[in-house]
Amino acid sequence: MRQLPPLSEPSFGFAQTPFGECCIVFSNDGICALIFPESKESAYADLDNRFPETDFRQDDAKAIRLARKIFEEGQKPLLNPIGTDFQLSIWRALQRIPAGKTATYAQIAEAIGRPKAVRAVGTAIGANPIAYLIPCHRVIRTDGGLGGFRWGLDCKKKMLDYEKKK
DNA sequence: ATAAAGGCCACCC
DNA sequence: GGGTGGCCTTTAT
């Protein structure tokens, strides 16, 4: 999938959230990543891996403003995820799951018209670059199990509880 | 071009 | 509970 549209003023920054410190990657075209790295170093590595040859400007103040909008005011900024057509269609489907609700991997597969691609759906959801805003945490297994989560299962649990309370 | 690895599921025991 | 085989996309050989 490596074919990046040019980003206008690529930037990133770190900010606190109810689920730990996150790293937000954004440009004038929207947010292209929101991750929960274990350390700054792993954030840099991740960034370098996802956006090779791109040099980012660090802007924590903007990241903090974004985080406040997202996690405190419940706003949803413009998103600019990068992926294959298959992945994009799945990430779009995720955004149709209302907060406080869940869907299963099989239901997502059904929703994009590929009922047999359940396994691939799981993989694509795991590749979601924009945590929380593309709510991959709302997808669970058909048998009721939590399934997996890129940033740790208790993080997934926290996000679900957090949304249920509202 | 091919292999291997996945945030799955249905089905069996 | 657990193991197996099939399913489909992506990434790394």
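Everything numeric in this text was worked out from a predicted model, so none of it was measured. Quick note: numbers below take in every heavy atom, side chains included, and nothing from hydrogens, waters or symmetry partners. Chain letters run A, B, ... following the sequence lines, proteins first, then strands; residues in each count from 1.
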Taking salt bridge (charged side-chain N to carboxylate O under 4.0 Å, His left out) as the cut-off, I'd like each qualifying pair that reaches into residues 19-29 of chain A, sequence neighbours left out, listed once. A:Glu21-A:Lys40

Residue pairs passing the salt bridge (charged side-chain N to carboxylate O under 4.0 Å, His left out) test with at least one member in residues 78-99 of chain A, sequence neighbours excluded, are none

Just checking A:Lys76: does its NZ atom have more than 12 heavy atoms from other residues, nucleotides or ligands closer to it than 6.0 angstrom? yes

Residue A:Glu38 excluded, over 12 heavy atoms near CD under 6.0 Å: no

Run A:Ile130 and A:Trp91 through side chain to side chain contact (heavy atoms under 4.5 Å, CB included) and show every step you take. CA-CA 9 Å; A:Ile130 311 181; A:Trp91 299 340; over 6 Å; no

For DNA chain B, note the earliest and the latest nucleotide, 5' to 3', having some atom under 4.0 Å of a heavy atom belonging to chain A. B:dG6 to B:dA10

Under the salt bridge (Lys or Arg N to Asp or Glu O under 4.0 Å) rule, collect the residues that match up with A:Arg141, sequence neighbours excluded. A:Asp143

Would you please classify the geometry between the A:Phe19 ring and the A:Phe36 ring as parallel, tilted or perpendicular, with 30° and 60° separating the classes? perpendicular

Going through the checks in order, is the side chain to side chain contact (heavy atoms under 4.5 Å, CB included) test met by A:Tyr132 and A:Tyr162? CA-CA 11 Å; A:Tyr132 192 76; A:Tyr162 181 80; 3.5 Å; yes

Please give, in whole Å, the distance from C:dT10 C1' to A:Leu88 CG? 14 Å

Output all residues satisfying side-chain contact (heavy atoms from CB on, under 4.5 Å) with [X], sequence neighbours left out; order by chain, then residue number.
{"X": "A:Cys136", "answer": "A:Leu94, A:Ile125, A:Asn128, A:Phe149"}
{"X": "A:Glu110", "answer": "A:Pro115"}
{"X": "A:Lys101", "answer": "A:Ile97, A:Pro98"}
{"X": "A:Lys62", "answer": "A:Phe26, A:Asp59, A:Arg65, A:Leu66"}

How does DNA chain C look in dot-bracket form if you count Watson-Crick and G-U pairs under 3.5 Å, write [ ] for pairs that cross, and put | where a base pairs with another strand? ||||||.||||||

Which residues in [range] have a heavy atom closer than 4.0 Å to any atom of DNA chain B?
{"range": "residues 93-114 of chain A", "answer": "A:Tyr105, A:Ala106"}
{"range": "residues 116-130 of chain A", "answer": "A:Val118, A:Arg119, A:Ala120, A:Gly122, A:Thr123, A:Ile125, A:Gly126"}
{"range": "residues 137-145 of chain A", "answer": "A:Val139, A:Arg141, A:Thr142"}

Got a salt bridge between A:Asp46 and A:Arg50, using NZ or NE/NH1/NH2 to carboxylate O under 4.0 Å? yes

Same cluster or not: are A:Ile134 and A:Phe71 linked, directly or through other Ile, Leu, Val, Met, Phe, Trp or Tyr residues, by side-chain heavy atoms under 4.5 angstrom apart? yes

Under 3.5 Å donor-acceptor, A:Asp60 side chain and A:Phe14 backbone: yes

